[in-house]
There are 2 protein chains.
Amino acid sequence: MSAERRTKQQAAIERTITASKRPLSPGEVLARARRTSPTVGLATVYRTLKRLEGEGTIARVEISGQPTRFESHKAASTHHHHFVCRVCDRVFDIPGCAQGVESLAPDGFSVDSHEIVLFGICDQCDNPS
Amino acid sequence: MSAERRTKQQAAIERTITASKRPLSPGEVLARARRTSPTVGLATVYRTLKRLEGEGTIARVEISGQPTRFESHKAASTHHHHFVCRVCDRVFDIPGCAQGVESLAPDGFSVDSHEIVLFGICDQCDNPS
DNA sequence: GTTAATGCAAAAGCTTTGCACGCGG
DNA sequence: CCGCGTGCAAAGCTTTTGCATTAAC
């Protein structure tokens, strides 16, 4: 039998994502995870992200024209969506959900989840102080 | 002055996308465009897709864990969204839109567009005949 | 005729994989 | 100890870029 091992690197990577308020790209995860586990390599980041995604611990957030990012599924299970600022390219979590989203599917199609992404300008970019 | 030239290749690529009922990846676009313009290369496909996207003629459709696809903006301007089948990985256009989507944004954030993606099982995969 | 666009091939990213070593259990 | 996970480097992909040639205008 094969048992799964919980290593320091994996813990550092998982903590990195859990601690972040917003989705992070693999490169950002690497940089932050190295603060607590300096020898960690990019390959391990990718392997761990894939594993955590498979376990449902984290979720992949992929947005048109943006690099792949990952966020804690704790945030994801508090059902929420994303806002992408066209000016600064940052991605923000937004709470709540629209009415009747899943009923958009055609007859015979069963929906098990959905994503909503809003595009626009965030408050900071809209009000340059 | 630099004038833009409308070439046969560009026309073939644009037609390919306009004629397709669903979003196509660059590789699929290449294969289909070659049916009418056999010498066209992948670099030209990418260059033309980028140009058409910039003009607003086509729209990029990017979905978690899927290759990048493009579709005619004619379809896109008939406001619609996408359904991704988890079994066969195909992407379907779905008409209509949910209520109050844009009001999800926090105060101070202005929304200019949005995307909705439903995940589930399509009718064919749900009813294996 | 000019010169933008093409097509090839090389390059640049990003992500995955092979392998010897080290650490977790 | 046994063997999974790591770290490095090499390989695989997708997408972009450089350059000589072709073809729009």
Side-chain angles (χ1 to χ4, degrees), chain A residues 1-17 23-71 84 89 91, chain B residues 1-17 20 22-55 57-71 84 89-91:
Chain A
M1 292 290 310
S2 52
E4 298 205 334
R5 293 176 187 176
R6 228 63 233 202
T7 65
K8 294 169 185 175
Q9 290 89 335
Q10 287 175 36
I13 290 166
E14 183 172 347
R15 239 182 300 115
T16 297
I17 294 191
L24 300 176
S25 68
E28 292 171 320
V29 173
L30 178 68
R32 297 190 186 196
R34 278 197 161 146
R35 301 210 277 252
T36 51
S37 186
T39 69
V40 70
L42 190 52
T44 298
V45 170
Y46 275 103
R47 280 187 283 237
T48 303
L49 290 175
K50 185 176 277 189
R51 172 192 279 210
L52 293 173
E53 186 187 5
E55 290 176 357
T57 309
I58 65 174
R60 176 182 296 251
V61 179
E62 208 154 337
I63 285 164
S64 286
Q66 299 271 332
T68 305
R69 295 172 216 248
F70 293 83
E71 70 180 355
V84 185
D89 273 351
V91 177
Chain B
M1 287 288 309
S2 54
E4 297 206 335
R5 292 173 189 180
R6 227 67 231 198
T7 64
K8 294 169 184 173
Q9 290 90 335
Q10 287 175 35
I13 290 166
E14 184 173 345
R15 240 183 297 114
T16 296
I17 294 191
S20 170
R22 25 176 111 179
L24 300 177
S25 69
E28 293 171 319
V29 172
L30 178 67
R32 298 189 186 196
R34 277 197 161 145
R35 301 210 277 252
T36 50
S37 185
T39 68
V40 70
L42 189 53
T44 298
V45 170
Y46 275 102
R47 281 187 282 235
T48 303
L49 290 175
K50 185 175 278 190
R51 173 192 280 210
L52 293 173
E53 187 187 4
E55 291 176 355
T57 308
I58 65 174
R60 174 182 297 250
V61 179
E62 206 154 339
I63 285 164
S64 286
Q66 299 270 334
T68 304
R69 294 171 214 249
F70 293 84
E71 70 181 354
V84 186
D89 273 352
R90 287 185 298 180
V91 177

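Within every chain, numbering begins at 1; the chains are lettered A, B, ... in the order of the sequence lines, protein sequences first and strands thereafter.
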Starting the side chain at C-beta, find the nucleotide from dT6(D), dC8(D), dT14(D) nearest to A43(A). dC8(D)
Is any side-chain nitrogen or oxygen of T68(B) closer than 4.0 Å to OP1 or OP2 of dT14(D)? no
E14(B) vs R6(B), side-chain contact (heavy atoms from CB on, under 4.5 Å): CA-CA, chis, key distance, verdict: CA-CA 11 Å; E14(B) 184 173 345; R6(B) 227 67 231 198; 4.3 Å; yes
N/O contacts under 3.5 Å, protein versus nucleotides 22-25 of chain C?
residue, atom, partner, partner atom, Å
dG24(C), N2, R5(A), NH2, 2.8

In whole angstroms, the gap separating C1' of dA10(D) from CG of L42(A) amounts to 14 Å
Quick one: L49(A) CG to dT6(D) P, roughly how many Å, whole number? 11 Å
To the nearest Å, how far apart are E14(B) CD and dA5(C) C1'? 16 Å
Is there a side-chain contact (heavy atoms from CB on, under 4.5 Å) between S20(B) and E28(B)? Walk through the geometry before answering. CA-CA 11 Å; S20(B) 170; E28(B) 293 171 319; over 6 Å; no
Protein-nucleotide distance (L30(B), atom CG; dT14(D), atom C1'), rounded to Å: 13 Å
Please state how far atom CD in Q9(A) lies from atom P in dC4(D), giving the value in whole angstrom units. 17 Å
Take the protein atom CD of E53(A) and the nucleotide atom P of dT15(C), then report the distance between them rounded to whole Å. 12 Å
Counting only side-chain N and O atoms of Q10(B), is one of them less than 4.0 Å from OP1 or OP2 of dA4(C)? no
Among dT16(C), dT6(C), dT16(D), the one nearest any side-chain atom of K50(A) is dT16(C)
Please work out if P26(B) contacts a base, only the sugar-phosphate, or nothing of the nucleic acid, heavy-atom cut-off 4.0 Å. sugar-phosphate
Rounded distance in Å - CZ (R69(A)) to C1' (dT15(C)): 17 Å
